[in-house]
Every structure is written in C-alpha cells, then in structure tokens.
> 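Before I ask anything, let me first share the structure, which is written out below as structure tokens.
Lettering follows sequence order; numbering is per chain, from 1.
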Amino acid sequence: MDLQTLTYIVVGFTFALYIGIAFWARAGTTGEFYAAGRGVHPIANGMATAADWMSAASFISMAGLIAFNGYGASVFLMGWTGGYVLLALLLAPYLRKFGKFTVPEFIGDRYYSRTARIVAVICLILASVTYVIGQMKGIGVAFSRFLQIDYDTGLFIGMGIVFIYAVMGGMKGITYTQIAQYCVLIFAYTVPAIFISMNLTGNPVPQLGLGSTMADGSGTFMMDRLDQVVTDLGFKEYSTQVMGSKLNMFVYTLSLMIGTAGLPHVIIRFFTVPKVKDARSSAGWALVFIAILYTTAPAVGSMARLNLMNTIQVGDVGTVEGNLAYADRPQWFKNWEQTGLLKYEDKNGDGRIQYYNEKNAEFAAKAEAWGWKGNEMTKVDRDIMVLANPEIANLPNWVIALVVAGGLAAALSTAAGLLLAISSSISHDLLKGVFMPDISEKNELMAGRIAMAGAIGVAGYFGLHPPDFAAGTVAIAFGLAASSIFPVLMMGIFNKKVNRAGAIWGMSSGIGVTMLYVFQHKGIMFIPGTSFLGDMGANWFMGISPNAFGAVGALVNFAVAITVSKMTAPPPDHIQHLVEDIRVPKGAGAATDH
Amino acid sequence: MNKTAEQYWKANIRLVSILLVIWFICSFLFGIILVEPLNTIKIGGLGLGFWFAQNGSIYTFLVLIYVYAKRMNALDVEFDVHED
C-alpha cells in the first residue's frame, strides 16, 4: 500500500475515534462543560493534561530545535517540564481547594475585585489566543501537506474538526478525547525513536542510546561521533553550544517554567480532579506522561542530526567523493524538496552537495581551497526533522503515517484545551461573573459554546492571514502567562497581605513590560517593520532575547504587587480567612458547590 | 489561624522550600551555571552537566513531585486536615 493511502487510513481512523469519544462523553451541565464534573481519575487527568500540554511545538518543532541547537536547546527541555514542579507545589492543590471553575474567578474572589477579575480575563485571553493561533496554523500546514490539499482547505477542515469535539463535548468530552490523543501521539513519537536508536547504537531505549557507543563496532560514543561530524564541517560542537549567553539560557528556562505554571488551559486541568490529594498527584502523573516524550526528544534530535549529516557527507571531508552526488540523493530528500522546506543550490557546479557552516571564517577558508563555493543546503527547515526522521532512517510506511497522525493529535488537543479556557473565561467570568449574573445555566452553556465558535473563527482568520505570527507566537504566549497570571496566583496563596490594588497593578505592569519588550524587538503585533529597536542581539537588555523576557515581567509583577500592597490598606479580614481556608485541604467537597 | 493550622502551614512551607532548592540545583545550577565543570565527569558518552540539562533534571522533577504528594498527604493526616 502506498504512503498516501496509508496516511489517509491512519489519520481517518484516529479522527473517527476522537469524534466518537466526544459524542459519547458530551456535556450536559456547566460543571461537565468546564470541569468534567470533577469525576476524572488522576491518571486519566494526567494523561489528558499531557496531551493538552504537548502541542505541535513539542511534537514537531522541539526535536528539530534540539538537533540544530544541541545543548542550547536544553532551555526547552527543562523549561517545559520544570514548570510542573511549580504547578504541583505552589498552585494546583490550593486552586482545587478553592473549588471554582476558572482562573479569573479565583483572582476576582481572592482580590475581592471585579476589576482584578476583568484584568485577569484580558491577560488570559491574550495569552491563549496567541497560543491557539500558532496551533491553528500548525493544523493547517499539517493537513495540507499530508492530505495534499491547499493550505486554506486544510485549515478549514481542521477548524471543523476542532469545532465538533470542543464545542459539543466541553471539558468532559475533551478530557476523554485527549486521553486517546495522548496514546496516539506518544506511540507515534517513541516507535521511530526506538527504531533509530536501535539502528545507530544497538540500544532500543533512546534515553540510553543517547549515551551509548555506535553500533558500527568502532567503540566511539554516539555523542562524540556527532560532535566530531559537525565540527569537521565548521559547525559548533553539539554538546556544548549555548543559546545566546548563559544568562539568556537561565532567564529563558525560568520564563518557560513560570509560563507553564501560568497558562490557563493547564491550570484549569487541576479543577477537574475529585480531591485536593488528587490535584497533587495529577501534576505528577501529567509530568510522567510528558517526560516520556521529553526524555526521548534529546535522542531523536541528536540522532536525526547525525543521520542528516551522514546522508550528505558520505566520506572524508575535503575529498571529492566525500560529498553526496546530487543525482544520488535519497527519496526523502526529493519529497521534502517539493515542499520548499529543504533547498539545494549547486553553487560550484560540481553536481555534489556541500553542506557546511560558511559563517565560520576559518573553516570557510579551508572550504574555498577545496573548491567549495558556499553552503549548498540553502534551506534545512528544522521543523521537518521529526516528520522526515522515519524516512531518513528508512522506516516502514506505517511508521511515517503514524507520525503524521501523532502530529495532528498534538496540535488538535492543545487547540481544544485552549479554546475551552477562552470560552470559559468569556461566558463564565465576563457574562455570568460581571455583566449578567442572573444568566441561566443553559444560557451560560450556550454562551460558552458561542464564545468557543467565535474563538475558532478568530484563530482561523489569523491562521488564514498570518501576520508573521509563527515564530513569535509561542514565545509571547508563555511570556504573557508568566508575567501576568502566575505571580498573582502564587501571591494570592502564599502572601495574605497582597491586596486588590497590588494585584491589579502587578498584573498590568508585568504584562505591560513584557509586551513592550517583545513588540519593540519583534514588531507591534509582530508586524515586520514596526519593531523600533529591531530584532538584534545588540539592543537586547543584558543579552536577554524577547522570547525569554517573561521571567523579567514576572519579577516586575511580584515587585510592583508587593510594594503597592504595602502602601495601601491590607485585605479585609474575610479575605485573610479565605486564604487560610484554601491552605488546608479539609472541606474541599463543600466548596465545589457552585 | 489556630495553632495546628499554623504548624501545618509551617511544615508545608519547609517541605516546599527544600524541594524548590533541589529543583533549582538540578536544573539551573547543574544544567546551566556549572555545566562546564560537570561536563568533565562522564556518564556513558555524555558530560554530566549535559545529561542534567537534557535528561537528569526531568527525572529529578518527577521525584520531587512524587515526594511532595506523598509527604503532604502524610502531613494532612498528621494534622488532621485531610479530606473525608
């Protein structure tokens, strides 16, 4: 059976499964719509959280980032997992004890202020919408590439499928669908990794293969071989190359960690478990399921890089036969050339491929002596690494089809979770909480679904006309969540003295500083040409890249909130009692009544 | 806050502080700040600093959450603030 038919079958089957589950578990009450009726087991909840969390960025992009940034990409590995420690220790159990449905609801009650609640809703919507646009775009690209239709049609199909199961099912439907999606995506990620690790090192466990010797009998470690191969061609040594500077890596990691613990679609998960006890273990289970992918990723990235280099540099560097003849290039090379994500240009006209780091002056001089006229792989898009990996390693077609289904599962599950967070903040926090307190449960549910459909429309619109969003999207979403939501939640629990004014000023200044920094370097709303300081390292504050600035915004948030609180009246007694109450698990059952 | 609730909270803060110090050490300290000296120690083909940055820190995070959940559940019972 050819690859195309097989892809149709595998993707079609998984989608039928998701939609079937969404129908079976559709929501009847607002409780089920927002929080799955609190009837979800911690292991199931952890698996769903993992699917929710691991987006197209984790599944498709991250291994590519690792492949080309080596050690420097550790910021993503530590940042996107370490946040769960903060979540489990500092937020999850207390928010579950508090026992409401949404993050702004907690902020509104704790800071006894509708203004604080509205500010929180705005921060939440800004962070979630930016994130969901990136997902929609990923869905569009994935559908168009593998169903071989144009991008717009691919996006519309994706919007339709997200609409069906997110809008019909609500949280309950999403939770069960995401469990299925987790199984699909983790299977799709680990199977090729096991095959490749086996081929290269003879060790079937990718995490161990990373530190093993090559299977070719040379006794050389895989990592040493990789360092050798890349430095031979003038690239930076894989295992030591840093991203920016040490300070940048530090702040970047911190920013992603805090952002993880501040993203509403993740936090909302911990409202869906039966007990405070379960909220603690749920975060642990989520991290177990996430760690399976995240500890596999370094092996996938490094081995993909090694395979790629070995495919092109077939012999000794500097000899004519050392470079692959273009006419002999493998099938996967041709496939990806068609997408435009892999490009070759025969600069010296010898019909062979020279792939090296032309920016390394010392090496470029040597290359010139060999008659090389510049790097001929003019484009190697790092996002293709995970998708191309099984093809590069000559794995069977069903594995490739599975990877496609896995990528789609990752993108769809995250989009659905984010949409739920957006819809609940509009229908529950804005309508019921602020503007129409008397709204009936049925109408609130309806408003939630309309808000979700609206959000899909908005995200789809930006997906159709992307204002150069792709690169900045994920970064700003994390920065915004880190600088606004996390600090006020944490202070709300751990510092009884932080008051209404402190929270409002803290959130506004934190998110304000972050947005200003990102926009001044990346363009206002990412529109190129409007960035008044330019996207260049020289203008970065202490060498911190805009992607990493959320941590600084969070610090500003903490500092402003505490200072303002000291200068204004402390919170009233009943609020201080509320804080004392959420600190102990006892009595959580009663608080769930809505 | 009555006496036991206060003690419960203090015990909680102590536990969380210890765990967060380890959280910092295994990621920021071993994975970023001290990565070069640690890389001179090899486990298999990998430098120890590199291993912490790409694998070890994640395993440590898992243990931290596990210990936290277990210890807190025990504290809940000890101070009689557990759910029924």
> May I ask you to test the B/Leu20-A/Leu86 pair for a side-chain heavy-atom distance under 4.5 Å?
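Result yes, sub-4.5 Å side-chain heavy-atom pair found.
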> For B/Asp76, which atoms come within 4.5 Å of any heavy atom of chain A: side chain, backbone, both, or neither?
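When you check distances to chain A, only side chain atoms of B/Asp76 fall under 4.5 Å.
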> Between B/Phe28, B/Tyr59, B/Phe79, which has the largest tally of heavy atom pairs under 4.5 Å with chain A?
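Most heavy-atom pairs within the cutoff with chain A belong to B/Phe28.
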> Could you look at B/Ser27 and say if it's the side chain, the backbone, both or neither that has a heavy atom under 4.5 Å from chain A?
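Both parts, heavy atoms under 4.5 Å.
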> Determine, stepwise, if the pair A/Lys586 / B/Asp80 fulfils salt bridge (charged side-chain N to carboxylate O under 4.0 Å, His left out).
CA-CA 8 Å; A/Lys586 203 170 192 167; B/Asp80 194 30; 3.8 Å; yes
> Could you tell me whether the side chain of B/Tyr68 reaches within less than 4.5 Å of the side chain of A/Pro93, counting heavy atoms only?
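Result yes, sub-4.5 Å side-chain heavy-atom pair found.
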> Below 6.0 angstrom between ring centroids: does that apply to A/Phe494 and B/Trp9?
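Here the rings of B/Trp9 and A/Phe494 have centres that are less than 6.0 Å from each other.
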> Using side-chain heavy atoms (C-beta onward) and a distance below 4.5 Å, is B/Cys26 in contact with A/Met78?
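No, every pair of side-chain atoms sits at 4.5 Å or beyond.
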> With the side chain counted from C-beta on, respond yes when B/Val35 and A/Tyr71 share a heavy-atom pair under 4.5 Å apart, and no when they do not.
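A side-chain contact under 4.5 Å exists here.
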> Between atom CG of A/Asp224 and atom NZ of B/Lys42, what is the distance when rounded to the nearest 0.5 Å?
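Output value for this atom pair is 6.0 Å.
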> Quick one: pull up CD1 in B/Ile65 and CG in A/Leu287 and give me the separation to the nearest 0.5 Å.
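Reported value, rounded in 0.5 Å steps: 4.5 Å.
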> Check whether any side-chain N or O of A/Lys246 sits under 3.5 Å from a backbone N or O of B/Ile33 as a donor-acceptor pair, and report yes or no.
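Such a contact is found between A/Lys246 side chain and B/Ile33 backbone.
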> Hey, does the side chain of B/Gln54 reach the backbone of A/Gly70 with a donor-acceptor pair shorter than 3.5 angstrom?
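Judged by distance alone, yes, a pair lies under 3.5 Å.
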> Quick check on B/Tyr66 against chain A: is it the side chain, the backbone, both or neither that has a heavy atom closer than 4.5 Å?
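B/Tyr66 has no heavy atom closer than 4.5 Å to chain A.
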> What class does the angle between the rings of A/Phe250 and B/Phe24 fall in, given that below 30° is parallel, 30 to 60° is tilted and above 60° is perpendicular?
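If you compare the ring of A/Phe250 with that of B/Phe24, the planes turn out perpendicular.
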> Against chain B, label A/Leu254 side chain, backbone, both or neither, depending on which of its atoms sit under 4.5 Å from a heavy atom there.
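Answer is both: backbone and side chain atoms of A/Leu254 are under 4.5 Å from chain B.
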